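Along the sequence shown, residues carry numbers from 1. Everything quoted here is computed from the prediction, not taken from an experiment.
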Amino acid sequence: MSKGRMEAFSDGVLAIIITIMVLAFEVPHQADLAALIPLAPVFLSYLLSFVFLGIYWNNHHHLLQVVKHVDGRVLWANLHLLFWLSLVPFVTGWMGANPLAAWPAALYGIVLLLAAVAFFILVRVLISVNGRDSVLAVAIG
């Protein structure tokens, strides 16, 4: 598989993840601005998650711009990252529906931590596949 195909698949998955998050918004039945006030925690959790996903998408894009080769190990490491990112809509919704509750916030943090671990693994696998003298390896140090 080419790195372009993997990047396109990942872009599609991230687009779906963001779409799922925004579809979780419930439209108020009232037509005044006061009807939006109860949605503030949901919107803020969505905004936070959107920024996190945007950072992952941007960093993923830059990673794949500097590598030349992907193999099965890279594909699995990439799927591992996408798995954790795919849980973001669930934990975002739970946290938004239960503002300031401990368990939703903790699970949100755990999912983001595991996504960070998965991204670290992806970087290490990409360095392994592309060599210690690759542009990525030099950039990471």
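The heavy-atom pair separating I127 from R132 by the smallest distance is CG2-NH1, 3.7 Å. The two residues P41 and G96 make their nearest non-hydrogen contact at CB-O, 3.6 Å. The two atoms that bring S86 and P89 nearest to each other are O-CD, 3.2 Å, heavy atoms only. The shortest heavy-atom contact between A105 and M95 is CA-SD, 4.0 Å. Taking each heavy atom of V129 and H69 in turn, the nearest pair found is CG1-O, 3.7 Å. Nearest heavy atom pair, residue L136 against residue L126, reads CD2-CB, 3.6 Å.
L14 and V22 fall within a single hydrophobic cluster, where Ile, Leu, Val, Met, Phe, Trp and Tyr side chains are chained together by heavy-atom contacts under 4.5 Å. At a threshold of 4.5 Å between side-chain heavy atoms, the hydrophobic network of Ile, Leu, Val, Met, Phe, Trp and Tyr places L122 and V135 in one connected group. Tracing side-chain contacts under 4.5 Å through hydrophobic residues (I, L, V, M, F, W, Y), one reaches V117 starting from V111; they form part of the same cluster. Put simply, W76 and F9 are part of the same group of oily side chains (I, L, V, M, F, W, Y) that touch within less than 4.5 Å, one to the next. Taking hydrophobic clusters as Ile, Leu, Val, Met, Phe, Trp and Tyr residues chained together by side-chain heavy-atom distances below 4.5 Å, I37 does not share a cluster with L39.
Between F43 and F25, the ring planes lie tilted relative to each other; the angle falls in the 30° to 60° range.
Between F83 and L114, every side-chain heavy-atom pair lies at or beyond the 4.5 Å cut-off. Under the 4.5 Å side-chain criterion, counting only non-hydrogen atoms from C-beta, I20 is not in contact with L23. A 4.5 Å side-chain heavy-atom check between K68 and N130 finds at least one atom pair inside the cut-off. Side-chain contact between L85 and V13 is absent, with no heavy-atom pair separated by less than 4.5 Å. Between W103 and W94, the closest side-chain pair of non-hydrogen atoms falls below 4.5 Å. Contact of the P104 side chain with the V91 side chain is not registered, since no non-hydrogen atoms from C-beta on lie closer than 4.5 Å. No side-chain heavy atom of F52 sits under 4.5 Å from any side-chain heavy atom of L47. Contact check for D133 versus V138: no side-chain heavy atoms found under the 4.5 Å cut-off.
The backbone N or O of V67 lies less than 3.5 Å from a partner atom in the side chain of K3, making a donor-acceptor pair. S49 contributes a side-chain N or O that, together with a main-chain N or O of S45, makes up a donor-acceptor pair within less than 3.5 Å. A distance-only check finds no donor-acceptor pair linking the side chain of N58 to the backbone of G54 [under 3.5 Å]. For Y56 (side chain) and A116 (main-chain N/O), a donor-acceptor pair under 3.5 Å exists by modelled atom type.
Atom CG of D11 is separated from atom CE of M6 by 10.0 Å, given to the nearest 0.5 angstrom. The CG atom of L44 sits 12.0 Å away from atom OG1 of T92, with the distance rounded to the nearest 0.5 Å. In this structure, CG on L87 lies 11.0 Å from CG on L82, to the nearest 0.5 angstrom.
Donor-acceptor pairing under 3.5 Å is lacking for the side chains of H61 and W57. Between the side chains of N78 and H60, a donor-acceptor pair is found at a separation under 3.5 Å.
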* To do: Start with the C-alpha distance between W84 and F119, add both sets of side-chain angles, then the distance that settles side chain to side chain contact (heavy atoms under 4.5 Å, CB included), and finish with yes or no.
  => CA-CA 10 Å; W84 291 111; F119 190 83; over 6 Å; no
* Audit row: I18, Y46, side chain to side chain contact (heavy atoms under 4.5 Å, CB included) steps and yes/no -> CA-CA 9 Å; I18 290 171; Y46 168 79; 4.1 Å; yes
